[in-house]
Amino acid sequence: MPGKARVHELAKEFGVDSKTLLAKLKELGFFVKSASSLVEAPVARQLRESLPHAQRSTSPPGRPAPRSAVQEHAAPLPPVRRTSSALPPRPQPLPAFPSRRPRREWYRGTPPEGLIKYLLDHYVVWRRDPEGRPPGGSCSYFDDEVRQARDLSAEWAPTLFDGLEFADIVRWVREGAPAKHAGDLHRAGIRPEELSWSYEDRGAEPLSMRLIRGQWTVEMVVNEVERRRQLR
């Protein structure tokens with residue numbers, strides 16, 4: 001076939017054995033079954049670039065190199081005797097895709113209670129199942145989900161003393177509000193969804209991000225929300 005050559009022909013051209021060439025092809029990421037397999041022209045060109053010091057034959061692929069006078073009169077080598085009829089293992093092709101992420105383990109510890117369970121059912125698992133269906137059964141949460149809910153509970157539990165209910169906390173968390181300001185905003189009558197207001201015409205960030213970055217104070221946010229309410 002034009003533009004193609006077999007592995008053993010290329011091996012003769014480079015002055016190496018077929019086994020060495022097969023190993024080099026595997027190193028370059030090409031899986032070739034045997035020395036009689038055909039190799040595309042771009043692959044052969046890449047081999048020539050990767051074997052700059054290989055002794056190449058002047059004969060084109062597919063034709064044996066002319067034998068010298070010494071080779072003509074040299075005694076033939078004795079045949080190689082196989083010690084075993086078993087063939088060497090065939091090289092396995094490289095995986096086409098990267099390995100999968102580690103498998104998530106189900107949480108099998110003490111059943112969560114209180115704010116931790118509420119955050120699991122209405123926020124953490126809600127992110128996994130946007131329809132908001134609470135999980136059921138003995139294994140309802142993953143280990144990483146329980147850890148996330150515990151961290152959130154430790155951060156937001158103090159806001160319960162500011163009059164926030166579990167449902168209020170979930171609403172503030174979903175809007176990305178900082179826990180340290182949620183109590184003050186709640187007492188000022190600010191609703192969680194009002195923190196998502198932004199100025200799209202000026203490309204500014206929402207009010208919640210201004211609080212998180214420390215660009216605005218709680219008082220500035222309250223004044224801005226009241227001003228926007230009058231414009232709506």
### Task
Drop me the distance from D184's CG to E219's CD, to the nearest 0.5 angstrom.
11.0 Å
### Message
I'd like to know whether V222 forms a side chain to side chain contact (heavy atoms under 4.5 Å, CB included) with V218, so could you lay out the CA-CA distance, the side-chain angles of the two residues, the decisive distance to 0.1 Å, and finally the verdict.
### Response
CA-CA 6 Å; V222 171; V218 173; 4.2 Å; yes
### Query
Shortest non-hydrogen contact from W172 to R191?
CH2-C, 4.1 Å
#### Entry: Gap separating the CG atom of L22 from the NZ atom of K19, nearest 0.5 angstrom
10.0 Å
#### Entry: Close aromatic pair by centroid cut-off 6.0 Å: Y141 and W106
no
#### Entry: The single option from I116, T110, L115 passing side chain to side chain contact (heavy atoms under 4.5 Å, CB included) against P112
I116
### Qualifying residue, where the test is salt bridge (Lys or Arg N to Asp or Glu O under 4.0 Å) with E194 and the options are R229, R227, R171
R229
### Message
Working to the nearest 0.5 angstrom, can you tell me the gap between S18 OG and H8 NE2?
### Response
7.0 Å
### Where S208 and G176 come nearest, the two heavy atoms and their spacing
CB-O, 4.0 Å
### Query
What's in the same ILVMFWY side-chain cluster as M209, cut-off under 4.5 Å, chained through other members?
I212
### Query
Are L185 and L195 close enough that some pair of their side-chain heavy atoms sits under 4.5 Å apart?
yes
Would you give me the side-chain donor-acceptor pairs under 3.5 Å for residues 151-164, sequence neighbours excluded?
from, atom 1, to, atom 2, distance (Å)
T159, OG1, W156, O, 2.5
D162, OD1, R187, NH1, 2.9

### Task
Output yes when D144 and R147 qualify as a salt bridge under the 4.0 Å nitrogen-oxygen rule, no when they do not.
no
#### Entry: Residues, nucleotides or ligands: over 12 heavy atoms within 6.0 Å of Q215 CD
yes
### Task
Output all residues satisfying ring-ring contact (aromatic ring centres under 6.0 Å, His included) with Y118, sequence neighbours left out; order by chain, then residue number.
H122, F166
